[in-house]
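Source: prediction; values computed, not measured. Residues: numbered from 1 along the sequence shown. Just so you know, ligand 1 is whichever comes first in the structure, and atom 1 is the first atom listed for that ligand.
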Amino acid sequence: MTHQWQGVLREYADRLDVTDATPIVTLGEGGTPLIPAPALSRRTGAQVHIKFEGMNPTGSFKDRGMTMAISKAVEHGAKAVICASTGNTSASAAAYAAYAGIQSVVLVPEGKIAMGKLSQAIVHGARLLQVRGNFDDCLQIARELSANYPVHLVNSVNNDRIEGQKTASFEIVDVLGDAPDFHFIPVGNAGNYTAYTRGFVEDAEAGRTTRLPRMFGFQAVGAAPIVLGHPVKDPDTIATAIRIGNPASWELALAARDTTNGYFGAISDSTILEAQKILAAEVGIFVEPASAISVAGLLERAAAGVIPAGAVVTVTVTGHGLKDPQWGLRLADGSEAKPTVVAVDVAAVADAIGLKANA
Ligand code: AN7
């Protein structure tokens, strides 16, 4: 019989705060593929593997944290959960709350979340409010509401989220047999950067690995508070998932960088979109712009000579390209792809694609 992956709480029950009293709210998240990427290995001289988190049930890594956060919320008797979100957290919270049979409330920045994510939150039954402000404003409101009203906060300031998300590092180590030399990851609130570091540190402490990877995190140029060293009042980037000016896990992320001899860098929107196309066209993996930033970061750091030949490199791509599909239709010159229309005629189709008949 085929083994079915049981979700991260059951698969890693011995490394998480779950007991017989914890109701396991799971959609089978985790167990995502670690895909060797020969095209990126050729481009960088390293041995590159992509951790494809778009393969989670709602299409992003948030599900690893949400299974933990919603399970613990239900264990503590919560009837409603709230989050601020640039999109993926709201999609995940809505889905896991639906499974648990509790209400989700989500606050998103008006007009600044991808259509697929908005659709997910609505279809899963969230009470969704568009706030006339940015993500940082939404998070402030969500924090104050959860402090003063009977709603349980499931943003990554809730440690249960970080705990669930650390399982991605466990999976990488389980597949590779050791930690990589470098790990590349997108950064918004820096919760995931913090979570991966925690997972790798716990694996090292338990003797499952011989080393810690250097954690390399990337923000968009227009939303790069950690790189700049100060909050950004009006963050701006086409990578709406990481359009965040005052990261919630800022201090934890700086500590994680110091622990791993890590690095934070900034990448322009045009370079993000180039990396998205390279990953899609040369490796076959379609990710949303915020996720492509880790690939862009790898290419940039390799070009800067920072990555030794043969180094084992893992790259997390956090969300599926179908969340925000408009970018796949955008050509390198900025125009929109307009597929050729042809008649129902074999010769016309052959002609349109430049095929000559067999002699
Ligand atoms: C695809 O959904 O913050 O650095 O509210 O959706 O842990 O914040 C999303 C973040 C990277 C950044 N990639 O992760 C939200 C939200 C994708 C994301 C990040 C997000 P963190």
Side-chain angles (χ1 to χ4, degrees), residues 51-56 58-66 69 82-95 104 106-109 112-114 116-118 120-121 126 128 131 134-139 142 153-159 161-162 164-166 168 184-199 215-220 223-227 235 237-250 252-254 256-257 264 267 272 276 286-297 315-324 327:
K51 184 66 168 161
F52 187 16
E53 290 290 281
M55 294 295 284
N56 278 293
T58 76
S60 88
F61 72 100
K62 302 287 183 182
D63 296 341
R64 295 177 182 277
M66 210 52 76
I82 188 167
C83 66
S85 183
T86 57
N88 281 321
T89 300
S90 63
S92 187
S104 60
V106 306
L107 306 178
V108 301
K112 292 292 183 183
I113 87 167
K117 304 173 188 179
L118 188 65
Q120 287 179 289
L128 183 139
V131 176
N134 59 35
F135 169 85
D136 307 293
D137 301 316
C138 294
L139 182 58
L153 187 65
V154 293
N155 279 108
S156 58
V157 293
N158 176 338
N159 186 55
R161 283 273 316 278
I162 308 287
Q165 287 170 211
K166 76 183 180 184
F184 286 76
I185 190 165
V187 173
N189 275 302
N192 213 26
Y193 184 98
T194 302
Y196 270 73
T197 303
R198 188 182 295 178
M215 289 290 299
F216 277 36
F218 296 86
Q219 303 190 297
I226 298 180
V227 177
T237 167
I238 55 96
T240 53
I242 52 172
R243 185 173 166 275
I244 292 169
N246 192 10
S249 294
W250 195 327
L252 291 172
L254 293 182
R257 178 199 59 191
F264 290 109
I267 301 286
I272 290 172
Q276 181 188 39
F286 184 26
V287 302
E288 61 172 291
S291 306
I293 201 171
S294 53
V295 175
V315 182
T316 291
V317 289
T318 41
H320 206 289
L322 295 176
K323 295 259 190 185
D324 198 1
W327 300 107

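- Counting atoms of ligand 1 from 1 in the listed order, those under 4.0 Å from a heavy atom of Thr86 are 2 (O), 3 (O), 5 (O), 9 (C), 15 (C), 16 (C).
- Side-chain atoms of Arg161 and Asn189 form no donor-acceptor pair, as typed in the model, at a separation below 3.5 Å.
- Using a 4.0 Å heavy-atom cutoff, Lys323 is absent from the residues neighbouring ligand 1.
- The backbone of Ala190, and not its side chain, has at least one atom closer than 4.0 Å to an atom of ligand 1 (non-hydrogen atoms only; backbone = N, CA, C, O).
- Heavy-atom proximity to Thr89, at under 4.0 Å, picks out these atoms of ligand 1: 2 (O), 5 (O), 15 (C), 16 (C).
- Atoms of ligand 1 found under 4.0 Å from any heavy atom of Ile242 (numbered from 1 in listed order, with element): 11 (C), 12 (C), 19 (C).
- With a 4.0 Å heavy-atom cut-off, ligand 1 is reached by no atom of Asn155.
- Numbered from 1 in the order shown, with element, the atoms of ligand 1 that lie under 4.0 Å from a heavy atom of Ile244 read 3 (O).
- Ring planes of His320 and Phe286: perpendicular class, angle over 60° (limits at 30 and 60°).
- Atoms of ligand 1 lying under 4.0 Å from any heavy atom of Val187, numbered from 1 in the order shown and given with element: 4 (O).
- The contact set between ligand 1 and Asn88, taken as ligand atoms under 4.0 Å from a residue heavy atom, comprises 1 (C), 2 (O), 6 (O), 17 (C), 18 (C).
- Atoms OG1 and NZ, on Thr89 and Lys62 in that order, are 3.5 Å from each other to the nearest 0.5 Å.
- The atoms of ligand 1 that sit less than 4.0 Å from any heavy atom of Ser291 are 1 (C).
- Below 4.0 Å from some heavy atom of Gly191 lie the following atoms of ligand 1, by number and element: 4 (O), 7 (O), 21 (P).
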